[in-house]
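Letters go in sequence order (proteins before strands), and every chain restarts at 1.
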Amino acid sequence: MPELPDVEGFREILASCARGRRIKRVEVMDADVLHGAGARRLARELTGRRLAEPERHGKWLLVRTDGPTVLLHFGMTGLLLCCDADEPRHRHDRVVLTVDGHELRYRDQRKLRGLWPDDPDRVLSDQGPDAMDLGLADFRELLSARRGGLKSALMNQSLLAGLGNLTADEILWRARLRPSRAASGLTGEEVRRLHARLRSVLRSSIRVGQIPPRPSWLTGHRDDADPHCPRCDGRLRRDRIAGRTAVWCPACQR
DNA sequence: GCCGTTGTTGAAGA
DNA sequence: CTCTTCAACAACGG
């Protein structure tokens, strides 16, 4: 689930639910999700701290406090929820921060990622600029220096941070470009188009907190038994590209 | 038991 | 060195 738009939604949840409030209690139900610090140390460092304005970089959420910062990554199945304290716990709730009146819950089925109570600069040192902060000139520069495929470049977090498998497919489909194109082989006009679609897909998705599963979007048809293009009605293709399933329209995308 | 999964990583190969 | 693929991580659904 979580790509840039989802994580931006989690950031808004965190801000509205807990900003300015004090952490009363830290519960770790499953220490598998803690990286670089155990449950004891996490509780000691966070209990009594006041939550500050949260930030996001790519798919990372920075939980700022008046003391240490904790970085959250949601892997494929992670969520951040703001719950009333009397709401029953879910079996996949791994860490719970109690603030006044609410509980912030890190819920994750698969535990592929988790919490890093660590120096943000160190954890984010391998990340490229956030995809929403990347200007056209830098985008062009970065693609032109690339030897591999276009989709794998878009998903490479060290080049630009935030795009995953679904957003990359949606952006490429909107820009009418094939995922297998060489990253450095686009014309000036194609780069401009790609950059514009990148921004518009992210902007719309951030509004909804996910890629909108609308029938007019490619992502709305990914899981159809016999998926067809919502633009030209041609049959969509599924290919294994850069280790993930790419869905694209051979008729619309060049 | 098989396959697949909106993510990332390290190892191995091209 | 650059880039890609692969297996692994863990848990679940079809």
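Here, C:dC6 and B:dC3 have their P atoms 14 Å apart, quoted to the whole Å. Here, B:dC2 and C:dA7 have their P atoms 14 Å apart, quoted to the whole Å.
Hydrophobic clustering (ILVMFWY, side-chain heavy atoms < 4.5 Å, transitive): A:Val99 and A:Phe10 are in one cluster.
In this entry the distance linking CZ of A:Arg113 with C1' of B:dT6 reads 15 Å, nearest Å. B:dT6 atom C1' lies 5 Å from atom CD of A:Glu3, rounded to whole Å. Look at CD on A:Gln109: it is 13 Å from C1' on B:dT6, rounded to the nearest Å.
Which of C:dC9, B:dT6, C:dC3 sits closest to the side chain of A:Arg146 comes down to C:dC3. Among B:dT5, C:dC12, B:dT8, the nucleotide with an atom closest to any side-chain atom of A:Gln157 is B:dT8. For A:Asp126, taking side-chain heavy atoms from C-beta onward, the closest of the listed nucleotides B:dT9, B:dT6, B:dG7 is B:dT9. Candidate nucleotides C:dC3, C:dT4, B:dT6 were compared by shortest atom distance to the side chain of A:Arg147, and C:dC3 ranks first. In this structure, of B:dG7, C:dC12, C:dA10, it is B:dG7 that holds the atom nearest to the side chain of A:Met76.
A heavy atom closer than 4.0 Å to some atom of DNA chain B occurs in A:Arg240, A:Arg244, A:Thr245, these being the qualifying members of residues 237-250 of chain A.
A:Ser152 comes within 4.0 angstrom of the backbone, heavy atoms only, and of no base. Nucleic acid contact class of A:Ala145 (heavy atoms, under 4.0 Å, all strands): sugar-phosphate only.
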